[in-house]
Amino acid sequence: MGKAGKAGGMKSAVTICLVPEAKQGPFVFHEGLEGGCLAAAELGFDGVEIFPESAEAFPSEAIDRLLADCSLSLAAVGTGGGWIKHKLHLCHADPAIRQRARDFIAKLIDVAGERGAPVIVGSMQGTLAGNVSREMALDWLAESLALLGQRACRHGQVILYEPLNRYETNLFNQQAAAAAFCDIRGLDHVRLLCDLFHMNIEEAHVSQALVAVGSRIGHVHWADSNRCAVGLGHTDTRPVIAALRSIGYEGFLSAEVFPLPNGIQAAHKSIESLRECAGF
Ligand code: LER
Ligand code: MN
């Protein structure tokens with residue numbers, strides 16, 4: 001964390017995708033773990049956020065070696081490989097698929113937890129479809145997040161639940177509604193992942209929305225309005241940083257953006273924006 005400096009307790013991270021099917025996805029590095037870690041370290045990021053295919057395919061030995069050699073933290077581990085590769089999610093009408101989705105995430109909680117990191121439940125939350133009522137889906141989601149949260153807690157971790165924009169889920173699109181859901185359902189081991197790209201679409205006021213959920217925030221995806229690196233769109237990130245400072249946020253600001261014009265330049269622009277806006 002020593003690199004954070006004026007950023008207070010906030011830390012920088014950059015995304016590395018290990019799922020070939022997600023080649024078009026909003027991840028900075030797609031060309032392998034080693035290249036991604038070396039570039040992240042070279043650019044001065046504090047950590048990396050990894051999007052693996054599954055727990056079984058998680059390259060534990062290589063990750064441990066690279067994190068140690070590059071002095072990087074593991075910021076978080078994505079679970080969306082379960083959706084992209086197997087179409088699993090936590091609100092599926094079929095109980096067997098819901099169970100497989102939960103098992104898929106549970107195994108990733110263990111590999112992430114052993115390395116001091118939380119997992120992200122984003123696309124694996126699913127979306128309401130067919131005859132599934134909202135009430136039913138939210139019961140299933142709460143039940144899974146409670147069980148998975150307990151598992152994360154055994155590693156001293158939380159689950160990062162990510163409200164997504166309306167084109168990706170109809171469960172929760174806004175932070176306040178997701179926070180109220182966590183409160184009402186007693187989801188003590190769940191924190192919110194605030195993705196500035198989704199928030200730019202869904203929130204009336206991004207920085208006010210951050211302040212309103214305050215201590216529920218566990219992670220931030222650092223992205224501009226067009227999902228490019230911050231600085232390449234029209235989001236004003238200064239009030240965002242002021243809002244995070246005002247609530248004493250000490251987690252990661254993780255660049256989850258398209259590799260445009262390429263991964264290295266997106267990473268460079270991301271760390272530069274963190275230095276300019278947040279004093280990294
Ligand atoms: C998906 O849009 C997203 O933001 C990811 O972080 C979800 O896993
Ligand atoms: Mn995100």
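The first residue in the sequence is number 1, and the count goes up from there. Any value given below was found using the heavy atoms of this structure, including those in side chains, with hydrogens, waters and symmetry copies removed. Start at 1 and go down the list; that is how both ligands and their atoms are numbered.
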Listed pairs under 3.5 Å, donor-acceptor, residues 20-27 side chains, sequence neighbours left out:
residue, atom, partner, partner atom, Å
E21, OE1, K85, NZ, 3.2
E21, OE2, K85, NZ, 2.8
K23, NZ, H30, O, 3.4

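Under 4.0 Å is where a charged nitrogen must lie from a carboxylate oxygen, and between E272 and K269 at least one such pair does.
Distances under 2.8 Å from the Mn ion (ligand 2) pick out the protein N/O/S atoms E162 OE2, D195 OD2, H221 ND1, E256 OE1.
No side-chain donor-acceptor contact under 3.5 Å links R191 to the backbone of L160. A donor-acceptor pair is defined here as one N or O able to donate and one able to accept, closer than 3.5 Å; no such pair exists between the side chain of E49 and the backbone of G78. Side chain of E203 to main chain of N200: no donor-acceptor pair is present (N/O by atom type, distance under 3.5 Å, no hydrogens or angles).
In this structure, the side chains of R227 and D195 come closer than 4.5 Å at one or more pairs of heavy atoms.
For R134, there are no side-chain hydrogen bond (donor to acceptor under 3.5 Å, both in side chains) partners, not counting sequence neighbours.
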Identify the protein atoms, limited to N or O, that lie within less than 3.5 Å of an N or O atom of ligand 1, and list each pair with its distance to 0.1 Å.
residue, atom, partner, partner atom, Å
ligand 1, 2 (O), E168, OE1, 2.6
ligand 1, 2 (O), E168, OE2, 3.1
ligand 1, 2 (O), H198, NE2, 3.0
ligand 1, 2 (O), R227, NH1, 3.4
ligand 1, 2 (O), R227, NH2, 3.0
ligand 1, 4 (O), E162, OE2, 3.0
ligand 1, 4 (O), D195, OD2, 3.1
ligand 1, 4 (O), H198, NE2, 2.8
ligand 1, 4 (O), R227, NH2, 2.8
ligand 1, 4 (O), E256, OE1, 3.1
ligand 1, 6 (O), E162, OE1, 2.6
ligand 1, 6 (O), E162, OE2, 3.2
ligand 1, 6 (O), E256, OE1, 3.2
ligand 1, 6 (O), E256, OE2, 2.6

Residues R154, D110; criterion salt bridge (charged side-chain N to carboxylate O under 4.0 Å, His left out); working and verdict: CA-CA 9 Å; R154 293 204 285 274; D110 293 341; over 6 Å; no
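Aromatic ring pairs are classed by plane angle as parallel below 30°, tilted from 30° to 60° and perpendicular above 60°; the pair F181 and Y161 is tilted.
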